[in-house]
Amino acid sequence: MNLHDIKHFILDLDGTLWDTSEISARAYNQALRKDGRCGLIVTAATIRKEFGRPDQEIANDLFPSFDPSVRSELMHLCDISNTTTLKET
């Protein structure tokens with residue numbers, strides 16, 4: 001397939017076409033447990049509420065007790081875990 005032949009594509013930022021909330025929650029929890037700084041348990045409901053929002057806003061919601069730099073680090077770890085897990089699914 002040539003990329004120039006693509007006329008349309010669909011972005012599913014809110015889980016309408018593929019609800020990845022359970023997968024994402026597992027990935028976030030795996031990253032947070034491995035890191036060890038945050039005891040938060042992320043649920044699918046929590047992930048659904050955050051779908052489509054910028055990472056910094058999600059980090060502020062999930063990790064309010066941490067300073068902004070740590071929030072960003074934790075969010076980055078969650079993003080890496082989530083991306084890796086979704087690619088494997």
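By convention here, the first residue in the shown sequence is residue 1.
- Here the CG atom belonging to L40 is positioned 7.0 Å from the OG1 atom belonging to T46, to the nearest 0.5 angstrom.
- Applying the side-chain contact (heavy atoms from CB on, under 4.5 Å) test to I41 and every residue at least two apart in sequence or in another chain returns N29.
- The hydrophobic clustering, which links ILVMFWY residues whose side-chain heavy atoms are closer than 4.5 Å, places V42 and F63 together.
- A distance of 8.0 Å separates CG in L62 from SG in C38, rounded to the nearest 0.5 Å.
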>> Before you tell me yes or no, could you show the steps for S72 and S69 under side-chain hydrogen bond (donor to acceptor under 3.5 Å, both in side chains), namely the whole-Å CA-CA distance, both residues' side-chain angles and the distance that decides it to 0.1 Å?
In response: CA-CA 5 Å; S72 293; S69 64; over 6 Å; no

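- No side-chain heavy atom of F51 sits less than 4.5 Å from a side-chain heavy atom of I58.
- Atom OG of S21 and atom CZ of R26 lie 9.5 Å apart (nearest 0.5 Å).
- With R71 contributing its side chain and F66 its backbone, the two residues share a donor-acceptor pair below 3.5 Å.
- If you take CD on Q30 and SG on C78, they are separated by 10.5 Å, rounding to the nearest 0.5 Å.
- No continuous path of hydrophobic side-chain contacts links I80 to I23 [ILVMFWY only; heavy atoms under 4.5 Å].
- Applying the side chain to side chain donor-acceptor pair (under 3.5 Å) rule to D35 yields the partners R37; only residues at least two apart in sequence or on another chain are considered.
- Note that OH of Y28 and CD1 of I47 are 4.5 Å apart. Values are rounded to the nearest 0.5 Å.
- Residues R48 and D19 have side chains in contact (heavy-atom distance under 4.5 Å, counting atoms from C-beta outward).
- Looking at heavy atoms from C-beta onward, H76 lies out of side-chain contact with D55 at the 4.5 angstrom threshold.
- We find the CH2-CD1 distance between W18 and I10 to be 14.5 Å, quoted to the nearest 0.5 Å.
- Two residues are said to be in side-chain contact when any heavy atoms from C-beta on lie closer than 4.5 Å; K87 and T83 meet this criterion.
- Listed by chain and number, the residues in a side-chain contact (heavy atoms from CB on, under 4.5 Å) with A27 are S81, N82, T85 (sequence neighbours excluded).
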